[in-house]
There are 2 protein chains.
Amino acid sequence: MVRLSKKVEYGLIAIRHVATRSNGELVTAKEIADRYHIPYELLAKVLQKLSKAGLIVSHQGVRGGYTLAKHPSEIRVSKVINAIEGTLPMIAQCMSEGPESCGVFSVCTIKSPLHKVQANIEQAFNSMTLMEIV
Amino acid sequence: MVRLSKKVEYGLIAIRHVATRSNGELVTAKEIADRYHIPYELLAKVLQKLSKAGLIVSHQGVRGGYTLAKHPSEIRVSKVINAIEGTLPMIAQCMSEGPESCGVFSVCTIKSPLHKVQANIEQAFNSMTLMEIV
DNA sequence: TCAAAATAGGACTGAAAGAGTCGTATATTA
DNA sequence: TAATATACGACTCTTTCAGTCCTATTTTGA
């Protein structure tokens, strides 16, 4: 519980790797998969999501690959996570899926403290950019 | 991903409830289960863990139940979580289960930023006591 | 022009974790 | 001694996660 998914880990490692080659050079999914011992197909999907989210740019075809779409300082970790998971990390179900999703919501007495922690975590992911990871 | 378990939610709600009756009055698992619509057996186990961890005191027998073991200001949320889960929330596997558990560890390039976030989360749970939840 | 190399993406499988249930034992009280 | 509580292991069911498979599409260069 309260663990980042492997996809997010792989995504962060991957986009960081792309960032290190930000001289315009293309990086392929295969290259990253080999280098970090990440299952290729899984990584490929993660990269596709990062691409669809506009964090990296994809180039199809024979000498294709990926490059960063923006400067590392403009890529927040929260955006990377959001791109991969479709949502930010939420420590309680009611936060991500709404009050109806939680059978306890109406009588729940710990909403406000949990929101505090939640804000704290979001802040951590939001304030961290690729810049400080590279 | 990055979600507290239902057990932890129930545990926090429950121990907070016990705290509100801290005039020495006993609170039963059944009472809490009814009041918050929590499955009784599940809640019972959670309370047992809190009891074993010394956060609440159990009284068996007919007019038994639970009371707080300490002053609310001395009960950190991190302790509650730890009692229930056996470990604090760790955002990466290598943190809770060691380097060998992660196939990527040796070449992982995001350890240090993740540790930063981890420290942040721990701080949040550590600095929050029952006092501010009641 | 066509084979090779790359991304795109849906469908599927297997394993692990999470949530909840069941059954039984033990302690305490009235 | 019956009723009411906690104690606790074993089990089931469901969902999520990680990973695989398969096929399509795009692009390059020989």
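First the proteins, then the strands, lettered A, B, ... as listed; each starts at 1. Bear in mind the structure is a predicted one, so any value in this text is a computation, not a measurement.
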Could you give the side-chain donor-acceptor pairs of residues 112-125 of chain B under 3.5 Å, partners two or more places apart or in another chain?
{"from": "His115(B)", "atom 1": "ND1", "to": "Lys111(B)", "atom 2": "O", "distance (Å)": "3.0"}
{"from": "Gln118(B)", "atom 1": "OE1", "to": "Ile91(B)", "atom 2": "N", "distance (Å)": "2.9"}
{"from": "Gln118(B)", "atom 1": "NE2", "to": "Pro89(B)", "atom 2": "O", "distance (Å)": "2.9"}
{"from": "Gln118(B)", "atom 1": "NE2", "to": "Glu122(B)", "atom 2": "OE2", "distance (Å)": "2.7"}

Q | Qualifying side-chain hydrogen bond (donor to acceptor under 3.5 Å, both in side chains) pairs, either residue in residues 72-93 of chain B, two or more places apart | A | Ser5(B)-Glu85(B), His71(B)-Ser73(B), Ser78(B)-Asn126(B), Gln93(B)-Glu97(B)
Q. Is there any ring pair (Phe, Tyr, Trp, His ring centres under 6.0 Å) pair reaching into residues 78-110 of chain B, and which pairs are they, with sequence neighbours excluded?
A. none
Q | NZ/Lys7(B): more than 12 non-hydrogen atoms of other groups inside 6.0 Å | A | no
Q. Which residue pairs satisfy the salt bridge (Lys or Arg N to Asp or Glu O under 4.0 Å) criterion with at least one member in residues 22-39 of chain B, sequence neighbours excluded?
A. Arg21(B)-Glu25(B), Arg21(B)-Glu31(B), Lys30(B)-Asp34(B)
Q. Do you know which two heavy atoms are closest between Thr28(A) and Gly64(A), and how far apart they sit?
A. CG2-O, 3.5 Å
(Q) Any heavy-atom pair between the side chains of Thr129(A) and Ile75(A) that's under 4.5 Å? (A) no
Q. Rounded to the nearest 0.5 Å, how far apart are CD of Glu9(A) and CD1 of Ile84(A)?
A. 10.5 Å
Q.
Filter on salt bridge (Lys or Arg N to Asp or Glu O under 4.0 Å), then keep only pairs touching residues 125-134 of chain A, sequence neighbours left out; what's left?
A. none
Q.
Considering only residues two or more places apart or on different chains, which pairs with a residue in residues 48-68 of chain A satisfy side-chain hydrogen bond (donor to acceptor under 3.5 Å, both in side chains)?
A. none
Q.
Working to the nearest 0.5 angstrom, can you tell me the gap between Ile13(A) CD1 and Ile110(B) CD1?
A. 4.5 Å
Q: Report yes if the side chains of Leu68(B) and Ile15(B) come closer than 4.5 Å at any heavy-atom pair, otherwise no.
A: yes
Q) Got a sec, which pairs hit ring pair (Phe, Tyr, Trp, His ring centres under 6.0 Å) with one end in residues 10-58 of chain A, sequence neighbours left out? A) His17(A)-Tyr36(A)
Q) So what does Ala44(A) hit on the nucleic acid, given a heavy-atom distance under 4.0 Å: a base, only sugar-phosphate, or nothing? A) nothing
Q: Taking only heavy atoms on the protein side, list every residue of residues 90-105 of chain A lying under 4.0 Å from any atom of DNA chain D, sorted numerically.
A: none
Q. With sugar-phosphate meaning primed atoms plus P, OP1 and OP2, does Lys49(A) contact a base, only sugar-phosphate, or nothing at under 4.0 Å between heavy atoms?
A. nothing
N/O contacts under 3.5 Å, protein versus nucleotides 28-30 of chain C?
{"from": "dT28(C)", "atom 1": "O2", "to": "Val62(B)", "atom 2": "N", "distance (Å)": "3.1"}

Q) Quick one: are Ile32(B) and Val18(B) in side-chain contact, heavy atoms under 4.5 Å? A) yes
Q | Nucleotide range of DNA chain D lying under 4.0 Å from chain A heavy atoms | A | dA18(D) to dG29(D)
(Q) Give me the atom names and distance for the closest heavy-atom approach of Ile133(B) to Met128(B). (A) CD1-SD, 4.4 Å
Protein-nucleotides 18-22 of chain C N/O pairs closer than 3.5 Å?
{"from": "dG18(C)", "atom 1": "OP1", "to": "Met1(A)", "atom 2": "N", "distance (Å)": "3.1"}
{"from": "dA19(C)", "atom 1": "OP1", "to": "Lys6(B)", "atom 2": "N", "distance (Å)": "2.9"}
{"from": "dA19(C)", "atom 1": "OP2", "to": "Lys6(B)", "atom 2": "N", "distance (Å)": "3.3"}
{"from": "dG20(C)", "atom 1": "OP2", "to": "Tyr10(B)", "atom 2": "OH", "distance (Å)": "3.2"}
{"from": "dT21(C)", "atom 1": "O4", "to": "Lys45(B)", "atom 2": "NZ", "distance (Å)": "2.7"}

Q: For DNA chain C, find the residues of residues 74-84 of chain A with a heavy-atom distance under 4.0 Å and give them by number; none if there aren't any.
A: none
